[in-house]
Undergrad: 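One structure coming up, written as structure tokens, with questions to follow.
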Amino acid sequence: MEEKTISNSRRCYKQWLWFMVLFMSFSVIYVDAVWPMPQMISSSMARYTLNPREFIFQYSSGSSAQPGCSLLDSAFERYYPLIFTDYRHDEWFRFPFTVVVHVERAECEGYPDADSSESYKLSVCSGQAALRAETVWGALRGLESFSQLVYQDDFGEYFVNETEIEDFPRFQFRGILLDTSRHYLPLHAILKTLDAMSYNKFNVFHWHIVDDPSFPYQSSTFPDLSSKGAFHPLTHVYTQIDVKRVIAHARLRGIRVLAEFDSPGHTQSWGKGQPGLLTPCYKGTVPSGTFGPVNPANSSSYQFMTRLFKEVTSVFPDSYVHLGGDEVDFTCWKSNPDVRGFMLKMGFGTDYTKLESYYMENMVNITKGLNKTAIVWQDVFDYHEKLCCSSLSVVEVWKGGCYLCEVRRVTKAGLRVVLASPWYLDQPGPTHDWARYYTVWPLAFKGTEQQKTLVIGGEVCMWGEYVDATNLSPRLWPRASAAGERLWSDEKMTSSVIDAFPRLVDFRCRLLRRGIQAEPLFVGHCRHEYQGI
Amino acid sequence: MIATLKFTTLLLAVVVCRATQDYGYKDVEEPTLGDSQYGSLWPLPQKVQMSTVAFKLSGVSFQIVDAKESSSGASCSLLQNAYRRYDEYIFPISRMQGQNKKKAFASDVSELQVWITSADSECDNYPSVTSDESYELSVDSPVAVLKAPKVWGALRGLETFSQLVYEDEYGAKSINRTEIQDFPRFTHRGLLLDSSRHFLPIKVILANLEAMAWNKFNVFHWHIVDDPSFPYMSRTFPQLSQQGAYHPYTHVYTPSDVKMIIEFARLRGIRVVSEFDTPGHTQSWGKGQKDLLTPCYSGASPSGSFGPVNPILNTTYDFMAMFFKEVSTVFPDAYIHLGGDEVDFSCWKSNPDIQKFMAQQGFGTDYSKLESFYIQRLLDIVTTTNKGYMIWQEVIDNGVKLKADTLIHVWKGNQQQYQAEMARVTASGYQALLSTPWYLNRISYGQDWQAAYKADPQDFNGTDAQKKLVVGGEACLWGEYVDATNLTPRLWPRASAVGERLWSDKDVKDTNDAYSRLIQHRCRMVQRGIPAEPLFTGYCAHEYKGV
């Protein structure tokens, strides 16, 4: 509680305690509003009317962020219409309402990063709201929660109940992967997804930007990569301006943009604009005309990668970069006499996993030289485990089966983990199964406390084989919201699918109201249905 | 017809399957992609001869016009509207202004002449089950000619013509010399949308009627009411939607909405067959019509819940008579779908009045006899409105006596079972309509359009006479998990597979050829503004601009 900004705070504080008790004993119904569930929330029946014309956001006098903090100024602008979704101008005067925002450290022009604090405290009390956060990122999360506390009655009047929230994320890394290679996603589809991510408190946009089918990233160093490797060199590319726009849009919502340039496999499209990069496959003693993974035996491959990643790491400000490293097919390498010669020279025998490890190690060292932390898919760790190397730092677990066994292995090796296996949302599955993504317990493996802290979060993957702008949003939302709550909220408070269902139904209607094309969970209706086609 | 999981089952299922999933993103059987000799035609016409000789279509001077000999002219607004629509499809970017009207080049197609050959064009009629949809299209320079006995065939031919046009590498519109003779394999090519489980805004219904026309569907089966809500606003019984809709103003179809949908469909040669499903699936009816539903009993006292329509009260039949009299005037089509599926007998069994009635009638404890009793009386009522009827298969499974021209809608079972049912129904001399393999609300990972494509309604053991009784089929998109947010991409292009099966010759079944045409057809739908989802990795020149 901030004594300076909230008068009469003692009264609310008492109520707060009282409701904490009530909450713990009955799990009160008034806490339904916010998705994902805050770590601690209580509210009362006492409510305040909000008049859109008498509603302001304000910086507290002691806040280090003050007017001019572009990040919060624009957040206020954004949240006003999100709160007053159908503000009618004929509202007559009722009571003024102020949201006082206090931020300890104003990093208004910075980028969110792996160690950014997102915690906040929100107190709606005595006819106003006080939002306190250590960082602007926490303030953003708090604004989102506040906007979800506001509701309309049948006459269109806006209300917010007296509420106390103390909140912070369970996991620091809460990501969504979009695949812009298998299908090109127009910029507006990406920006819209970022909007929806912020409503769900996701904080990492994992941009799987290139892959076998196409190379839409327009590189300033190697423009041929997209001019030859994209589906179309003008209409199906992301220019530097597009990329900047995505990063800026994400930043304003407290979302990191994690770029993935997957190699040495999944690189067919690279080869079109960069001759000599891929391994020529052989049929007997002659080249077959097809190409395999990046050629790990050529030093020119590493020179190219160094220059490309130098560009990539300067374009994408995040301290992480994703190097891929999954699903490398060895048959082409095996067929190539130069690669075989290199294997011999390096003493790898016929173990091609050693060759891949060698390649990935070089890649990790390149990114280290650029002061970035590398993330790799689990395949790289699986090979490395045998070789016992320590250059890795973050491993993304994606394979099915006993994925927690893998999490256990990776954390035992002292490496950090991002978990994706249970959240492959591009699979529509046999049933319409948001609950499958909700009942995931990322820490339910045998391991030390230290191991558990190495699980830094999880990620929803929306691979693009069958997904483009026509069906992306309804396939992603609200199913990703289920993962969103798992990654943000306390597990004990959110273990019940039955309890979550009505909250998610309401939240899905809220997403619709905000223009997100979120599909229905079951039979029913929203007051305001989606109006597109 | 709605064999889907109930929510509680869903929750249980979820916990069970959690650990059993196995991923791998390359496990999909992908058809080989080549170029089809038929370009992007979908559904494939009965007879196509396409030459490699290409003509240009001038963006300035090309026109679609009535042929001089045509029995239809400027007063036929159905065709005039269609000309404008197809002109916009062919030239999606605004046409160049006409001041610079150059003469057509020799290699141009300057006109498409539309020639309605029979004396009565049927321009102002509603399409019906007997409407002639055949046409002949001859594309040559300088004129292309589309001949059709009726406007319905002309509509189908216009769609085909628009599908023949392509962009050459300089962006110029081109078309090859082509001869087409075409007619549908089946007369009933339907699509069911469910506006009760979720309300579907008018805009969504209209957009899908549009897409239906591109796929040569001709029946919109409007499953308009059901248990969850009653959005149909009845003039005779306005309280049905006032009490039974999700919301009495924002979630209803007013009489003028319904009229607009019927007219929009007519202009595209699509019939609107409404379904008012009884005696089951009627929970929402009970809210606005007291005493219509059967009060369920818990022991000796009413439990407060209600079951199917109460079949033992005269007031029930008085209500139905008035209600269906209205429905039969609102919906001009010659058929009404009466439902009749999934009647749960437990509530009837619990009710002492019904038990007494059963005894009186000598039904014993066979409640399907009671259902038959109800359906029989309902059919008599509907017969007085001069409408034909369609019913779900349970009605005939339960042995209800039906008029000879009744259409039986088969929806249950696996392949073996539905084929046996088709055989049984047609052996009894009834007309049959197949939906079982085309429940498109069911989704799976990968290219499931192929399964829909491979199913064939005449694929069962039976005589030629029996096969003739198969009038077609319907793709169904039930609404448990579908509303405006995901309906269109879930439906298209998967429903297109059904569209070709029902229109084209039965020997058109080369999946690779279909794949090549369907990919292009899907991109065409996207370009025309329908968010049809992708079949696999790849791209369209013009991606979807919505979201």
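Every chain is numbered from 1 and lettered A, B, ... according to where its sequence line falls, protein lines coming before strand lines. Everything numeric here is computed off the predicted structure, so don't read it as measured data.
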Undergrad: Counting only heavy atoms closer than 4.5 Å, note whether A/Pro520 contacts chain B via side chain, backbone, both or neither.
TA: both
Undergrad: Using non-hydrogen atoms only, which part of A/Cys526 is less than 4.5 Å away from chain B: side chain, backbone, both, or neither?
TA: backbone
Undergrad: Validate the cation-pi geometry between A/Arg510 and A/Tyr199: distance from NZ or CZ to the six-membered ring centre under 6.0 Å, angle to the ring axis within 45°.
TA: no
Undergrad: Could you tell me which portion of B/Leu200 (side chain, backbone, both or neither) has an atom closer than 4.5 angstrom to a non-hydrogen atom of chain A?
TA: neither
Undergrad: By a 4.5 Å heavy-atom criterion (distance strictly below it), what part of A/His236 contacts chain B: side chain, backbone, both, or neither?
TA: side chain
Undergrad: Give a yes-or-no answer on whether the side chains of B/Asp483 and A/His525 include a donor-acceptor pair shorter than 3.5 Å.
TA: no
Undergrad: Check this for me, if you would: do B/Glu210 and B/Arg528 make a salt bridge, where the nitrogen-to-carboxylate-oxygen distance has to be below 4.0 angstrom?
TA: no
Undergrad: Of the backbone (N, CA, C, O) and the side chain (C-beta and beyond), which part of B/His198 lies under 4.5 Å from a heavy atom of chain A, both, or neither?
TA: both
Undergrad: I'd like to know if A/Arg245 pairs up with A/Asp242 as an ion pair, taking the criterion as any Lys NZ or Arg NE/NH1/NH2 lying under 4.0 Å from an Asp or Glu carboxylate oxygen.
TA: no
Undergrad: Any heavy-atom pair between the side chains of A/Trp441 and A/Arg486 that's under 4.5 Å?
TA: yes
Undergrad: Select one option (side chain, backbone, both, neither) describing which atoms of A/Leu512 are under 4.5 Å from chain B's heavy atoms.
TA: side chain
Undergrad: So what's closer than 4.5 Å to chain A heavy atoms on B/Glu543: side chain, backbone, both or neither?
TA: side chain
Undergrad: Please tell me whether B/Arg522 and B/Ser496 have a donor and an acceptor in their side chains that are separated by less than 3.5 angstrom.
TA: no
Undergrad: Indicate yes or no for a side-chain donor-acceptor contact from B/Asn486 to the backbone of B/Tyr481 under 3.5 Å, with no hydrogens or angles considered.
TA: yes
Undergrad: For chain A, which candidate among B/Pro201, B/Ala207, B/Gly538 shows the most heavy-atom pairs at distances under 4.5 Å?
TA: B/Gly538
Undergrad: Where does B/Val526 contact chain A at under 4.5 Å (heavy atoms): side chain, backbone, both or neither?
TA: side chain
